[in-house]
Amino acid sequence: MPELPEVETVARGLDKHIAGEAIESVWLGSKPEPLKSSTEEMVAALESKTISSVRRVGKHVVFDLASSNGAPAKNTQWIVHLGMTGSLRVSAPDVPIEKHTHAILKFSSGRELRFVDPRRFGRLSVIEKFVAPGSEPLHISFEDFAKLFRKRKTPIKSALLNQKLLSGVGNIYADEALFRAKIRPRRRAASLTRDESRKLHVALKKVLKEAIRLGGSSISDYVDADGEEGFFQLKHRVYGREDKPCLVCKTPIKRVVIAGRSSHYCRQCQN
DNA sequence: ACTATGTCCTGCGAGC
DNA sequence: TGCTCGCAGGACATAG
């Protein structure tokens, strides 16, 4: 499930591989499609453009498009949200088309970029300039971070997952950050002390950076642009470890459901 | 304005 | 062995 570190890994890999590629043609799967913009809009925005760079914003992969002939264009960014199971892979044209392929960009070099998404939670769109609704977890200052939780009655776990507050944090890294900050996921956001907010701010950045360094977490079917798996799942201390002993105190890890999301914590280490 | 819950979608694994 | 069932969850819609 691609969250910030996985999307960062994918975007870096794509930037390395396809920055400078010219898009020759575009194929979009038959309806119902995982699209936000209309098919026509997207094809028009992509065809005969050059990909100048690929970056991550929140959980979105942003492709910056440039006109090959210098003509002004309306939608200059292609936005891909991978959802749960989406993947973007650079392929040679003779590689068989995988099931659940919803979009293919053919480059003038002959290579292809393919968007595959079995569960269809992913979204594609074109836009003038994408702006994430929330703050970047890796850049937000402590004061701004602490301010997000003031007066919020929702569980801290839900607040971390709220993309309007922070863009990019998903279920895995929310659980892992809360464990490292020793805060229970059900705690009301507003109940965090300044010291706890400080710990959470540090823990979240640390866990995200460490995960990026290891190429993300490969749970189910996540792979990066090269088809490589990440390794951060080996560093998970609570996520997916229900009933297994806490790595700090040996107490069995508890799993509860908060706002419909499974949440993992140690009832001994986290308060 | 904020919070909680249901829905989408498919593959897979647990359990019988 | 083969089947059914329920879960996985990010974003959005809807209701309270």
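Each chain gets a letter, A, B and so on, in the order its sequence line appears, and its residues count up from 1.
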Problem - A:Val57 side chain reached by A:Arg55 side chain, heavy atoms, under 4.5 Å - result: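 A side-chain contact under 4.5 Å exists here.
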
Handout entry: Side-chain heavy-atom pair A:Phe63, A:Leu46 within 4.5 angstrom cut-off
Key =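 Side chain of A:Phe63 against side chain of A:Leu46, heavy atoms only: no contact under 4.5 Å found.
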
Mind listing the N/O atom pairs, protein and nucleotides 1-5 of chain B, below 3.5 Å?
unit_1 : atom_1 : unit_2   : atom_2 : d
B:dT3  : OP1    : A:Lys153 : N      : 2.6
B:dT3  : OP1    : A:Thr154 : N      : 3.4
B:dT3  : OP2    : A:Arg152 : NH1    : 3.1
B:dA4  : OP2    : A:Thr154 : OG1    : 3.1

Could you tell me how far apart [X] ([atom1]) and [N] ([atom2]) are, to the nearest whole angstrom?
X	N	atom1	atom2	answer
A:Met84	C:dA11	CE	C1'	12 Å
A:Ile258	B:dG6	CD1	P	16 Å
A:Glu3	C:dA11	CD	C1'	14 Å
A:Ile79	C:dA11	CD1	P	14 Å
A:Arg255	B:dA14	CZ	P	14 Å
A:Asp117	C:dG10	CG	P	13 Å
A:Arg261	B:dT7	CZ	P	14 Å
A:Leu4	C:dG10	CG	C1'	14 Å

Determine whether [X] and [Y] fall in the same hydrophobic cluster, where Ile, Leu, Val, Met, Phe, Trp and Tyr are linked whenever their side-chain heavy atoms lie under 4.5 Å apart.
X	Y	result
A:Tyr265	A:Tyr239	no
A:Ile51	A:Met42	yes
A:Leu82	A:Val116	no
A:Phe130	A:Val126	no

Handout entry: N-O pairing of A:Arg12 and A:Glu8 below 4.0 Å
Key =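 A:Glu8 and A:Arg12: salt-bridged.
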
Practice task
Output all residues satisfying side-chain hydrogen bond (donor to acceptor under 3.5 Å, both in side chains) with A:Ser53, sequence neighbours left out; order by chain, then residue number.
Solution key: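 Testing A:Ser53 for side-chain hydrogen bond (donor to acceptor under 3.5 Å, both in side chains), a comparison that skips the adjacent residues, returns A:Asp64.
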
Practice task
Please indicate yes or no: is the ring centre of A:Phe121 less than 5.5 Å from the centre of the six-membered base ring of C:dG10, with the two planes inclined by under 30 degrees?
Solution key: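 Aromatic stack with C:dG10 present for A:Phe121.
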
Handout entry: Donor on one side chain, acceptor on other, A:Ser263 and A:Lys157, under 3.5 Å
Key =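 Side chains of A:Ser263 and A:Lys157: pair found under 3.5 Å.
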
Is there a side-chain contact between [X] and the phosphate of [N], meaning an N or O under 4.0 Å from OP1 or OP2?
X	N	value
A:Lys59	C:dA11	yes
A:Tyr173	C:dG9	no
A:His81	C:dG10	no

Under 3.5 Å, which N/O atoms of the protein pair with N/O atoms of nucleotides 13-16 of chain C?
none

Practice task
Work out how much the helix from B:dC2-C:dG16 to B:dC16-C:dG2 bends between its end axes, five pairs an end, to the nearest 10 degrees.
Solution key: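 Between the first-five-pair axis and the last-five-pair axis there is 50°.
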
Problem - Inter- and intrachain pairs under salt bridge (Lys or Arg N to Asp or Glu O under 4.0 Å), touching residues 248-260 of chain A, at least two apart - result: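 Residue pairs with at least one partner in residues 248-260 of chain A: A:Glu242-A:Arg255.
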
Under-3.5 Å N/O pairs linking protein and nucleotides 10-13 of chain B:
unit_1 : atom_1 : unit_2   : atom_2 : d
B:dT10 : O3'    : A:His100 : NE2    : 3.4
B:dT10 : O2     : A:Arg119 : NE     : 3.2
B:dG11 : OP1    : A:His100 : NE2    : 2.7

Exercise for the section: For a side-chain hydrogen bond (donor to acceptor under 3.5 Å, both in side chains) with A:Lys106, tell me which candidate from A:Glu112, A:Glu47, A:Glu24 qualifies. Expected result: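 Passing option: A:Glu112.
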
Exercise for the section: From the options A:Asp15, A:Val61, A:Leu14, A:Leu4, select the one residue that forms a side chain to side chain contact (heavy atoms under 4.5 Å, CB included) with A:Arg56. Expected result: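 Filter result, single survivor: A:Leu4.
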
Practice task
Give a yes or no answer on whether the side chain of A:Glu6 reaches the backbone of A:Glu3 with a donor-acceptor pair at less than 3.5 Å.
Solution key: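 Judged by distance alone, yes, a pair lies under 3.5 Å.
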
Practice task
Please say whether more than 12 non-hydrogen atoms of neighbouring residues, nucleotides or ligands are located less than 6.0 Å from CZ in A:Arg267.
Solution key: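 12 or below, so no.
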
